[in-house]
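Input: a single structure, listed below in structure tokens.
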Amino acid sequence: MVYPVPILAAGSVLRVFEPDSPQARAIFNLGVVCAVILGLIFVIVAGLIVFALMRFRWREGAPDPNQMAGNKRIEIVWTAIPAAIVLTLFVLTARTMTISDPPPASKPDVIVIGHQWWWEFRYPETGVVAVNELHIPLGKPLSLRLDSVDVLHEFWVPELTRKMTAVPGHPNHIWLQSDKPGTYLGICSEFCGTQHAWMHFFVVAEPQANFDAWTQAQLQPAAAPGGDAAKGLALFQQLSCVSCHAVKGTPANANVAPDLTHIASRRELGAGIVANTPDNLRRWLKNPQKVKPGVLMPNFNLTDEQVNELVAYFETLK
Ligand code: CUA
């Protein structure tokens with residue numbers, strides 16, 4: 001089986017060591033402090049062992065060392081030092097948790113829904129439904145509620161926040177913020193089936209004005225198309241597409257599969273497996289199983305003409 005070569009947007013790699021939010025920075029700083037403390041412990045313990053091995057090795061004819069049982073002072077010292085280290089780490093961790101993981105807001109700003117194998121982002125305030133691209137206004141902490149419709153998934157954007165599991169029937173919460181404008185790659189970091197590896201998403205952090213403009217654009221229903229695109233729309237409604245997908249402005253309103261109202265504005269198809277180009281969309285419609293084996297969309301055995309008409313329609317859905 002030939003797997004497609006994924007084309008990721010420029011710069012979209014996970015940068016675990018470059019935090020861009022107070023939450024991620026707190027976790028990163030704690031990681032550095034822990035690494036230094038643990039590194040020191042390693043060096044001291046390993047050093048003492050090596051020293052003892054060299055200095056006190058067994059020698060021919062040497063007398064047995066002094067045998068002694070118990071030493072109160074040593075026992076107190078080697079209990080107190082680890083206790084102090086553990087207490088220090090505990091205090092630092094508790095402090096980090098108050099920054100990276102404060103209690104959730106009473107109402108979430110975004111509801112994140114994990115699906116096999118894509119992400120849905122619902123903004124309850126405005127009614128925006130986005131797929132695999134989560135836009136956030138710069139510098140503002142957002143309260144996210146994580147749900148899943150099927151199995152465990154895990155939401156992770158290392159530059160911006162901690163990991164959090166999306167559990168079916170048990171909402172979890174996480175805070176998300178970015179201090180730097182940019183596009184961040186997010187992944188699912190808990191095995192969730194065949195295409196777990198292709199459950200990418202983007203977090204787009206942008207100034208409030210851009211975020212508002214994006215929100216307005218997302219709220220627009222699909223316009224009625226002409227020409228081949230109109231044939232595509234007719235096909236879309238006749239075929240079983242509408243049993244799973246929604247396109248605002250048409251009667252299609254199922255929410256099993258990704259909302260397609262703005263599919264043409266997305267960077268990637270199949271949660272990151274290929275770039276969103278008309279050619280890749282054609283390949284997808286021709287046989288989704290060939291592009292993303294195991295994906296829940298079956299092969300509908302569409303003719304080339306049907307595929308072209310559908311692509312013409314989807315390309316109008318900006
Ligand atoms: Cu979803 Cu792994």
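Just follow the structure's listing: the first ligand is 1, and inside any ligand the first atom is 1. Keep in mind that what you see is a predicted model, and the values were worked out from it rather than measured.
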V307 reachable from L269 in the ILVMFWY side-chain graph, under 4.5 Å edges
yes
How open is the angle at atom 1 (Cu) of ligand 1 from atom SD of M199 over to atom SG of C192, rounded to 10 degrees?
110°
Below 30° counts as parallel, above 60° as perpendicular, anything between as tilted: where do the rings of F51 and F56 land?
perpendicular
Parallel, tilted or perpendicular for H135 and W214, by the 30°/60° rule?
parallel
Are H200 and W198 close enough that their ring centres sit under 6.0 Å apart?
yes
So the angle subtended at atom 2 (Cu) of ligand 1 by H196 atom ND1 and E190 atom O, rounded to 10 degrees, is 90°
To make sure I understand the geometry: which N, O or S atom in H153 is closest to atom 1 (Cu) of ligand 1?
ND1
